[in-house]
Amino acid sequence: MTGLALTEPALLPERRAVAPQTVSAATRSQVQPVQGTRLRLEGISLAFGGIRALKDVSFDIREGEIRAVIGPNGAGKSSLVNVISGLYRADRGVITHGGESFAHVPPARLPGLGVARTFQNLALFPGLTVAQNIASGLVFRRKRGLFAQLLSLPKARAETRETEARIREIAGFLGLSEHLPRLVSTLPYGLQKQVELARALIAGPRLLLLDEPMAGLTGAEKTAMAAHIRAVRDRLGLSVILIEHDIGVVMGLSDRIVVLDHGEVIADGSPDEVRRDPEVIRAYLGQDAAGATSGAEAA
Amino acid sequence: MSAALETPAARPFMAAQGAAVLVILAIACLLVPAYASAWTIEAILLPFLAFSLAGLGLNLLTGYAGQVSLGSAAFMAVGAYAAYNFQLRLDLPLPLTFLFAALTAAAVGVIFGLPSLRLKGFYLAVSTLAAQFFIQWLFNKFGWFSNYSPSGVISAPVLGFAGITFDTRESRYLLALSVVVVITFLVHRFVNGPARINLIAVRDNETAARVIGVPVLRTKLTAFALSSAIIGIAGVLWSFTYLRTIEPEGFNLDRSFQILFIAIIGGLATVRGAFLGAGLIVVFPLLLSRGSAWILDGGLDAGTVQLTQRIILGATIIIFLILEPNGLSAILDRITARTRSLFAKITRGRA
Ligand SMILES: Nc1ncnc2c1ncn2[C@@H]1O[C@H](COP(=O)(O)OP(=O)(O)O)[C@@H](O)[C@H]1O
Ligand SMILES: [Mg+2]
């Protein structure tokens, strides 16, 4: 019901989700960036002094795919997202966003590349309202300079009105409408996580990087968040990289899963493949979890 | 801006606040020139206006954009010396003198703001000290800036424009008042408009701001430019309407700290905080010296009294920061809220 707002054609055109397909690991590493590949990582390595956070990590993500990255704490998941979003500079490797390849992505270029992200620990602006926090995701689009806005020129005003319409739309979709005028720091944690998602979504990204979006949420909040992630993918056809510890959620939501352990990719495949992978069971899932979560559905 | 993007604190109080501002303005424009004593204008209102403007300028930089600066007095000096030299050498009309003084200060501010692109917090504060010492040294070292005045102290010429000369106490006061009112209005619009998002985003979480495409570099330098321009104008008011002399010593590190205290005590990231803080900084020492004169009856020498004043002022600032980190502005907020609920009770009681 609330999701209807997101189908507003003028603002956020609906796109068909690309059906997930399975590609074997062997063919994957050889194919050139084909159309339909949103992001591709090749041979990414990153070290902090003696700690090798990422070791020769390669994988890709297709248009419209929800790609989970799982692994124990310290496996390098956040580091991976930070490399993709340019906050960390990989020691080796190539990152291809859409058609453009980088050794290091300048973070300021992310919105232009259609990449938006959330942070493992909330990274909102406490001194701003919910509406302003969401609006900050659109600042990169603003054409009118600050002085035009100071003088309140008509075009600047029109830009503001357009921004507000989008804010209301996204807030409606994520159940934040009634909180828009509140200072974001006064919201409960679960809602703040939604605000961060809203700030990322309003930019109209093609790739969404979600670093533990459900950490610290209650069961009901997790279900809602999972539903939102699925909805944006289904309606807008975005690609999503999802870092998440709740295996139930991950299995239910993702098309393919990358498993990291000590900075290395130890498995990559469909939820079913990953769940049965003995290496994954040993390093991360554990025997019981593998059995208990089989067939688990989130949202 | 319409509803969704407005700052909530601003809205419910809009009408009452607007009315309060109008009343204060009416008093300031009409009653003060007619009834205020010479001492009130010279010793309280003129420094208050210049300090308020300087506090406002620093608050834009530190309170809103989160960039700490200890070089405010230097930017005041740049404004004052620029105005003096533009008047002396180019004989510019008054509005252009103000404009060019502001632009000069803005340019210098941007130069000394460049380290902010790499440095944060304490390290940035230390680097702004460079501005403080360098600029003071510059004006001391090169006589050209003070037109080779032998003493290094120049007396500021009387300002005039369109047939009006601002030579009397009241006219200087009204000139300062008008400048402060216009700039305050513009700053109010600026920090409550879309720029607020850029400023606070950079202040609250620079990494997140950069990732979502807030132009961090441009925002910081804009803040430095606007802040320095405003502080530069404050320097013009300080020199031309209050002291009527200009010397580098008047813009030393002490002055920079005073302005920082004004911004912090008044309340960071508030417009009215600058005025509350400036009021305290101007009035408090006067009260202290009157108080000490009265209690001790001149039993102590002037030096000791001054030292005692500084200690008391410093202690007050510390106590203040511990008890009310959000400054006088937050206290005023609470008082208004209480008064409102009291009024509500009274009116309900009557009904
Ligand atoms: N900025 C950093 N400085 C030093 N070490 C880091 C930094 N970021 C991550 N690491 C290290 O890299 C490893 C991977 O961390 P991280 O990517 O946060 O793992 P995860 O998100 O999977 O829990 C850890 O050993 C961590 O201590
Ligand atoms: Mg992590």
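Each chain gets a letter, A, B and so on, in the order its sequence line appears, and its residues count up from 1. Computed over heavy atoms, backbone and side chain alike; hydrogens, waters and symmetry mates excluded.
Ranking B:D204, B:I200, B:T207 against chain A, the residue ahead of the rest is B:D204, based on heavy-atom pairs under 4.5 Å. Across A:S85, A:A171, A:P107, the residue that shares the most heavy-atom pairs under 4.5 angstrom with chain B is A:P107.
Heavy-atom distances place the side chain of A:L87, and not its backbone, under 4.5 Å from chain B. A:L124 touches chain B through its backbone: at least one of N, CA, C or O sits under 4.5 Å from a heavy atom, while the side chain does not. Looking at A:R109, there are no atoms closer than 4.5 Å to chain B (heavy atoms on both sides), in backbone or side chain.
Considering all non-hydrogen atoms of both residues, A:K193 and A:P213 come closest at CD-O, 3.5 Å.
Between B:Y64 and B:F190, the ring centre distance reaches or exceeds 6.0 Å.
A heavy-atom distance below 4.5 Å is not found between the side chains of A:T129 and A:P181. Side-chain atoms of B:V179 and B:L237, non-hydrogen and from C-beta on, do get closer than 4.5 Å to each other.
A search for side chain to side chain contact (heavy atoms under 4.5 Å, CB included) contacts involving B:E206 returns B:K120, B:R210, B:V216, B:K220, not counting sequence neighbours.
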